[in-house]
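Excluded from the calculations below are hydrogen atoms, water molecules and symmetry mates; all remaining heavy atoms, backbone and side chain alike, are included. Source: prediction; values computed, not measured. A, B, ... follow the sequence lines: proteins, then strands. Residue 1 opens every chain.
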Amino acid sequence: MKVVIIGAGVVGASIARVLSQYEGLEIHLLEKNADAGLGVSKANTSILHPGHEDEPDKYPLRAKLCIKGNRLWYQWTKELGIPAKWPGELMIAVEEEDMKVAEHYLELAQRNGVPGVRLVDHDELLKLEPNANPNAAGALWAPTAGLLSATMAAPALVENAVENGVRFHPETEVTGIKIEKGEVKGVETNRGFIEADIVINAAGLYSDKISKMAGIDYFTVHPRKGEYFIFDDDAEPKVTKIVHQTPTPITKGVYVITELNGGLMIGPTAQDLPEDAKEDTSTTREGLEFVWEWAQKLIKELPPRSMVIRTFAGLRPEPPDGRWIIDAYDDPWGFINAAGIRSPGFTSAPAIAYYIVEELIQGKLEIKLTRKSHWNPYRRALFFKSLPPEKQNELIKKNPAYGRVVCMCRGITEGDILDVINRMKRMGVKTITLDGIKMRTWPMVMAGTCQGSYCRIRIANIIARETGTPLWKVTLKGKGTEYGIGDIKVLLKEGVKENAE
Amino acid sequence: MQNEYDVVVIGGGPAGLAAAIKSKELGLKVLLIENREFIGGIPIQCVHPGFGLHYFREDLTGTEFIYRLIEKFREMEIEHYTNAHVLEIIPHSYRHKILKVVTEKGLLNIMTKTVIYATGARERHIFEIGITGHRVAGIYTAGEAQTMMDIYGIMPGKEIVIVGSGDVGLIMARRFTLEGAHVKAVIELMPYPGGLTRNIVQCLEDFGIPLYLSHAVTRVEGRKRVEKVIITKVDENLRPIPGTEKELECDTVVLAAGLVPYLKVIEKAGVIIDPATKGPVVNSYLETSVPGIFVAGNALVINDLVDYVVEQGEEAAMGAYEFVKNEGLSTVKWKKLVKGRNIRLVVPHYVSEAKDVMIYARVAKPEENIKLRFPEIGKEMRLPFVKPSEMIRIKLRKRDIAKAEDKITMEVVPNE
Ligand SMILES: Cc1cc2nc3c(=O)[nH]c(=O)nc-3n(C[C@H](O)[C@H](O)[C@H](O)COP(=O)(O)OP(=O)(O)OC[C@H]3O[C@@H](n4cnc5c(N)ncnc54)[C@H](O)[C@@H]3O)c2cc1C
Ligand SMILES: Cc1cc2nc3c(=O)[nH]c(=O)nc-3n(C[C@H](O)[C@H](O)[C@H](O)COP(=O)(O)OP(=O)(O)OC[C@H]3O[C@@H](n4cnc5c(N)ncnc54)[C@H](O)[C@@H]3O)c2cc1C
């Protein structure tokens with residue numbers, strides 16, 4: 001049986017990984033970008049939510065799959081070598097009356113079956129998080145919350161899925177879905193037709209467009225922007241816990257976290273954009289000011305503005321009323337939606353994948369699947385910086401490239417970069433991009449104090465050498481994002497040509 | 001411990017090379033460590049003249065200048081590692097430090113009596129100067145663009161907007177123009193240009209490149225690559241004035257918005273940083289607050305001229321020599337150099353009557369017809385003008401320093 005999955009974000013990649021555990025499937029994972037995980041899954045808060053923020057009657061899928069996803073990630077991050085930590089989360093009640101809001105979420109935790117959640121008073125809050133706002137009334141404490149290196153997740157999932165037989169097709173954009181007699185037959189792409197018995201739509205912000213291609217057009221997905229600041233790795237104070245506030249009518253909450261790369265991160269905003277603004281990941285002055293103002297209420301002080309090393313924005317794929325569209329249909333048979341997967345979509349992705357495979361494919365569509373006897377759950381990941389000195393020495397002996405530090409801010413070596421390039425090639429990435437390398441290193445290369453002003457050219461050079469591409473043609477994230485425009489004399493040569501004409 | 005040195009120089013730019021050469025001349029056992037595959041630092045990529053007027057008494061290009069230093073360094077057969085990176089400096093005892101170094105031969109622990117830290121400066125990037133908008137291709141720091149063009153021979157873009165009118169920005173404007181690019185504008189936040197008048201004339205006016213003073217690039221727009229920038233007028237407090245936004249179409253943004261001493265490694269060793277220079281607090285031997293760790297060049301303070309950088313490298317070497325010879329610098333009474341009226345920064349921070357000292361300072365605002373004054377020691381000099389872009393370099397003599405009690409103020413006052 002042939003399965004096509006559209007979109008290699010965290011949702012599509014998770015589905016590919018789960019499906020790769022079954023026998024007799026030919027699985028094609030299609031992605032329009034040059035790499036997996038360059039869409040929504042690249043820019044978010046990276047929190048593995050405990051699951052006590054969604055009303056079970058209003059959002060039954062979100063409530064159910066979030067808790068399950070949180071548990072699954074505990075195992076998946078270990079199997080896949082994705083950096084993760086589990087610091088727990090404090091929903092801070094800044095004022096006394098906010099404690100009532102916290103109580104509401106305590107009740108939700110009970111109803112959703114989230115373990116360990118309880119209210120803490122002012123004193124315990126400060127014990128749990130000494131850098132919390134010293135005037136806060138108290139907090140709701142949810143110990144199962146985690147953080148992962150979100151940028152690495154989709155690439156790692158796909159790498160593992162490919163090890164287990166999935167075929168990854170980057171730079172392949174789905175332009176149509178072929179349906180005959182109420183059954184899907186395959187997808188049209190810029191690279192030709194791909195046959196399929198089952199087509200799974202995990203196209204994030206564009207999942208409404210894909211659904212429409214299959215004739216299911218009752219919904220649209222609009223972008224909701226979230227903006228952030230990231231501080232330098234050594235900016236103080238930091239937080240040990242995930243910190244946010246009790247939601248208000250104005251905001252569902254700005255978070256303060258110490259992200260896995262080491263720096264403090266604050267955000268996001270939640271700004272609704274028109275349906276056609278699906279590429280507008282620009283930051284705005286207003287949005288950033290909003291984040292700054294709200295984050296200040298959560299911790300005793302923010303690091304100075306001069307320690308900010310990056311600002312960025314991501315877009316949530318918002319379905320109508322915030323309800324995920326995860327379903328299989330009688331007509332067209334074989335088409336499955338995992339559409340409008342907004343927050344907590346990252347957390348829930350593994351559970352969404354199991355839901356689709358178990359309840360929709362095997363349940364609703366009544367397709368019998370058998371598990372493979374051999375399936376490799378592991379991805380061997382290696383980060384020079386986090387190894388003990390003996391291991392580092394061994395690596396350098398084997399490959400002197402590990403002795404060349406290319407990123408001085410974060411101590412990433414040429415060996416790390418080469419390892420990533422090889423992984424990308426093995427998994428089927430056709431264009432090795434600078435962003436692809438950034439997402440797979442840890443801590444992320446070109447993303448520290450200097451933001452790549454020292455090392456981007458060195459890494460571009462390694463890509464050029466390893467792929468036989470002219471240096472200027474190396475791209476940030478695929479076609480149209482080339483590093484340069486030609487050799488140094490390109491404009492003068494053009495000028496001469498124009499003069500001659 | 002594989003080895004033990006009198007001095008290890010970290011960074012092989014002009015400051016580091018000068019420090020290593022001087023150390024060897026003074027008879028010290030010296031090792032230089034450079035992260036990149038070649039020594040030379042920034043001047044390697046500077047194909048324009050303006051280097052070495054003081055030091056070699058000749059106007060050289062950066063490449064010519066550094067070639068001379070490298071030749072000398074090679075002739076003296078100074079031990080050095082390239083492609084080697086210092087991860088950590090551990091002050092082991094007052095007399096010794098251990099350096100943890102990653103090299104192609106493995107991890108090394110190197111023992112040394114002193115360290116000269118000469119890692120240069122990093123460039124301020126787009127996120128540090130509050131520019132919002134899209135994070136797309138076509139955005140470079142000036143140094144990165146220069147490396148692309150003059151080391152690797154590739155062209156960054158065609159329609160250029162340069163942020164910052166310091167010498168680096170001005171020189172890059174000319175460099176781009178000479179390769180056939182169209183520099184649409186140089187944008188400067190301050191009401192006056194950041195670079196030398198000579199460079200305004202030779203790099204902008206000669207090519208008809210517009211300079212927008214009191215303007216900021218506030219936003220970058222584009223889908224995949226830069227398509228345009230929004231520039232906005234700023235008020236006296238450097239805040240953007242709403243309603244004054246203007247679009248400039250371009251495909252490339254080059255940031256020449258200032259340099260910051262690159263101190264990753266010594267910050268962790270515990271040196272104290274001066275918020276004005278963003279470099280370490282030093283005494284007149286250029287020793288930091290950690291005994292035996294010296295600093296020179298752009299890692300100490302952002303210099304305009306490579307000649308000063310070299311001078312600081314040599315000064316640090318002499319400090320290291322004193323330290324090695326006496327097992328620590330002699331105890332003297334340090335007198336603080338205090339910033340008075342219109343002085344934004346000054347190094348060194350502490351001086352003593354044990355030696356003459358060269359001081360390097362910058363003013364906060366341009367001013368004409370002034371006196372530079374050191375009231376405690378009764379020293380003053382007239383100058384036709386001072387400006388932030390031109391570093392002031394003056395020697396203070398021992399006998400003058402001796403006149404002060406415990407501080408010496410440096411100030412700019414109108415010349416009545
Ligand atoms: C600001 C923000 C903060 C968030 N914070 C959190 C959080 O802390 N915790 C949490 O759990 N969740 C969070 N989320 C939600 C989470 O990021 C998303 O739910 C999740 O990443 C969605 O993944 P996806 O795979 O559906 O979408 P994507 O990652 O966008 O994947 C879809 C892929 O489909 C591809 N595609 C689109 N059209 C086509 C086509 N025609 N042909 C081929 N490929 C196509 C796209 O290129 C893309 O790669 C946050 C989201 C945002 C924006
Ligand atoms: C565009 C431009 C134009 C200029 N024009 C002029 C001019 O006309 N005239 C003039 O006099 N000056 C000019 N300068 C300034 C001059 O280049 C600098 O003042 C000088 O290079 C500073 O020298 P440095 O040794 O302090 O630092 P750098 O030259 O930056 O050298 C520092 C070295 O340290 C290495 N390093 C850093 N960290 C580590 C580590 N942890 N371990 C090992 N090695 C490390 C770096 O790789 C580098 O090689 C210009 C600079 C620029 C960018």
Side-chain angles (χ1 to χ4, degrees), chain A residues 230 234 279-285 287-288 305-306 308-313 384 389 392-393 396-397 400-405 408-409 411 413 449-454 456-458 460-461 470-472 475-495, chain B residues 35-37 83-85 87 100 102-107 119 122-128 130-138 140-144 147-158 178-182 218-221 223-225 240 251-252 255 260 262 264-265 267-268:
Chain A
I230 297 178
D234 44 23
E279 299 294 322
D280 180 10
T281 54
S282 68
T283 54
T284 65
R285 221 156 77 92
L288 292 171
R305 194 78 163 230
S306 60
V308 168
I309 57 169
R310 195 172 180 88
T311 53
F312 73 97
F384 181 82
Q392 291 182 329
N393 259 326
I396 298 174
K397 292 269 140 63
Y402 279 103
R404 294 194 283 271
V405 172
M408 296 199 284
C409 298
T413 70
T449 313
C450 87
Q451 288 292 310
S453 54
Y454 273 114
R456 184 163 68 166
I457 190 154
R458 298 169 90 169
N461 256 306
L471 177 61
W472 69 269
T475 68
L476 268 56
K477 48 185 133 213
K479 221 173 163 40
T481 64
E482 284 74 18
Y483 189 43
I485 57 167
D487 76 53
I488 180 84
K489 299 296 173 194
V490 61
L491 296 175
L492 294 176
K493 283 183 213 155
E494 268 174 22
Chain B
N35 171 279
R36 292 205 274 184
E37 58 191 307
N83 271 327
H85 182 72
L87 283 178
K100 293 203 170 295
V102 188
T103 76
E104 293 169 298
K105 302 221 163 61
L107 303 179
T119 53
R122 70 172 183 85
E123 300 177 273
R124 297 220 295 156
H125 52 71
I126 191 154
F127 302 108
E128 276 175 294
I131 298 180
T132 60
H134 298 264
R135 298 163 303 289
V136 286
Y140 312 88
T141 61
E144 184 182 17
T147 313
M148 291 170 80
M149 294 167 81
D150 290 323
I151 294 194
Y152 296 104
I154 61 171
M155 194 63 185
K158 189 171 180 179
L178 291 177
E179 293 298 353
H182 177 203
T218 44
R219 195 173 165 81
V220 172
E221 306 240 345
R223 282 176 68 88
K224 297 197 162 180
R225 189 176 169 112
D251 61 21
T252 303
L255 298 151
V260 188
Y262 190 60
K264 281 268 154 206
V265 180
E267 257 171 346
K268 275 186 267 166

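Of the two parts of B:E267, only the side chain, counted from C-beta on, holds a non-hydrogen atom closer than 4.5 Å to a non-hydrogen atom of chain A. Using a 4.5 Å cut-off between heavy atoms, A:T449 touches chain B through backbone and side chain atoms alike. Contacts of A:Y402 with chain B are made by backbone atoms alone, with heavy-atom separations under 4.5 Å and no side-chain atom involved. Residue A:K493: no heavy atom, backbone or side chain, is found under 4.5 Å from chain B. Interface remark: B:T119 contributes backbone atoms only to the contact with chain A (heavy atom separation under 4.5 Å). Contacts of B:K158 with chain A are made by both backbone and side-chain atoms, with heavy-atom separations under 4.5 Å. Within the 4.5 angstrom heavy-atom criterion, no atom of A:R305 approaches chain B. Using a 4.5 Å cut-off between heavy atoms, A:E482 contacts chain B through its backbone alone, with no side-chain atom that close. In this structure, chain A has a heavy atom under 4.5 Å from the backbone of B:V136, while its side chain stays farther away. The parts of A:V405 that come within reach of chain B are both its backbone and its side chain, each placing non-hydrogen atoms under 4.5 angstrom from that chain. The contact between B:Y140 and chain A is made by backbone and side chain atoms together, counting heavy-atom distances below 4.5 Å. If you measure heavy-atom distances from B:T141 to chain A, the contacts under 4.5 Å come from the side chain alone. Looking at A:Y454, only its side chain comes within 4.5 Å of chain B, counting heavy atoms on both sides. Heavy atoms closer than 4.5 Å to chain A are found nowhere in B:R124, neither backbone nor side chain. Using a 4.5 Å cut-off between heavy atoms, A:L288 contacts chain B through its side chain alone, with no backbone atom that close. Looking at B:L178, only its backbone comes within 4.5 Å of chain A, counting heavy atoms on both sides.
Most heavy-atom pairs under 4.5 Å with chain A: of the set B:A137, B:G180, B:G153, B:G133, this distinction falls to B:G133. Between chain B and the options A:Y483, A:W472, A:F312, heavy-atom pairs under 4.5 Å are most frequent for A:Y483. No other option in A:E279, A:M408, A:Q392 has as many heavy-atom pairs under 4.5 Å with chain B as A:M408. No other option in A:R310, A:R458, A:Q451 has as many heavy-atom pairs under 4.5 Å with chain B as A:R310. Comparing B:E128, B:E123, B:M148 by heavy-atom pairs within less than 4.5 Å of chain A, the highest count is held by B:M148. Highest contact tally toward chain B, considering only A:T284, A:T413, A:I485, is held by A:I485 [criterion: heavy-atom pairs under 4.5 Å]. Annotation: maximal heavy-atom pairing with chain A below 4.5 Å, among B:A181, B:P240, B:P156, occurs at B:P156. The candidate with the highest count of non-hydrogen atom pairs below 4.5 Å against chain A, out of B:K264, B:E37, B:M149, is B:K264. With respect to chain B, the highest number of heavy-atom pairs below 4.5 Å among A:V308, A:I309, A:I230 belongs to A:I309. Among A:D280, A:T475, A:N393, A:L476, the residue with the largest count of heavy-atom pairs under 4.5 Å with chain B is A:N393.
Side-chain atoms of B:R135 and A:T311, non-hydrogen and from C-beta on, never get closer than 4.5 Å to each other. Using a 4.5 Å heavy-atom cutoff, the side chains of B:K100 and A:P389 are not in contact. Within the 4.5 Å cutoff, no side-chain heavy atoms of A:R285 are placed close to those of B:T218. Taking the side chain as every heavy atom from C-beta outward, A:R456 and B:E144 approach each other to under 4.5 Å. B:K105 places none of its side-chain heavy atoms less than 4.5 Å from the side chain of A:I396.
Considering CE of B:M155 and NZ of A:K489, their distance stands at 9.0 Å, rounded to 0.5 Å. Distance check, rounded to the nearest 0.5 Å: CG of B:N35 to CZ of A:R404 gives 11.5 Å. A distance of 5.5 Å separates OG1 in B:T147 from CD1 in A:I457, rounded to the nearest 0.5 Å.
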Using the rule given for side-chain contact (heavy atoms from CB on, under 4.5 Å), can you reason through A:S282 versus B:R219, listing the C-alpha separation, both sets of side-chain angles and the distance that settles it, and then say yes or no? CA-CA 9 Å; A:S282 68; B:R219 195 173 165 81; 2.8 Å; yes
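B:Y152 pairs by the ring pair (Phe, Tyr, Trp, His ring centres under 6.0 Å) definition with nothing, not counting sequence neighbours.
Taking a 6.0 Å sphere around NZ of A:K479, one finds it holds 12 or fewer heavy atoms contributed by other residues, nucleotides or ligands.
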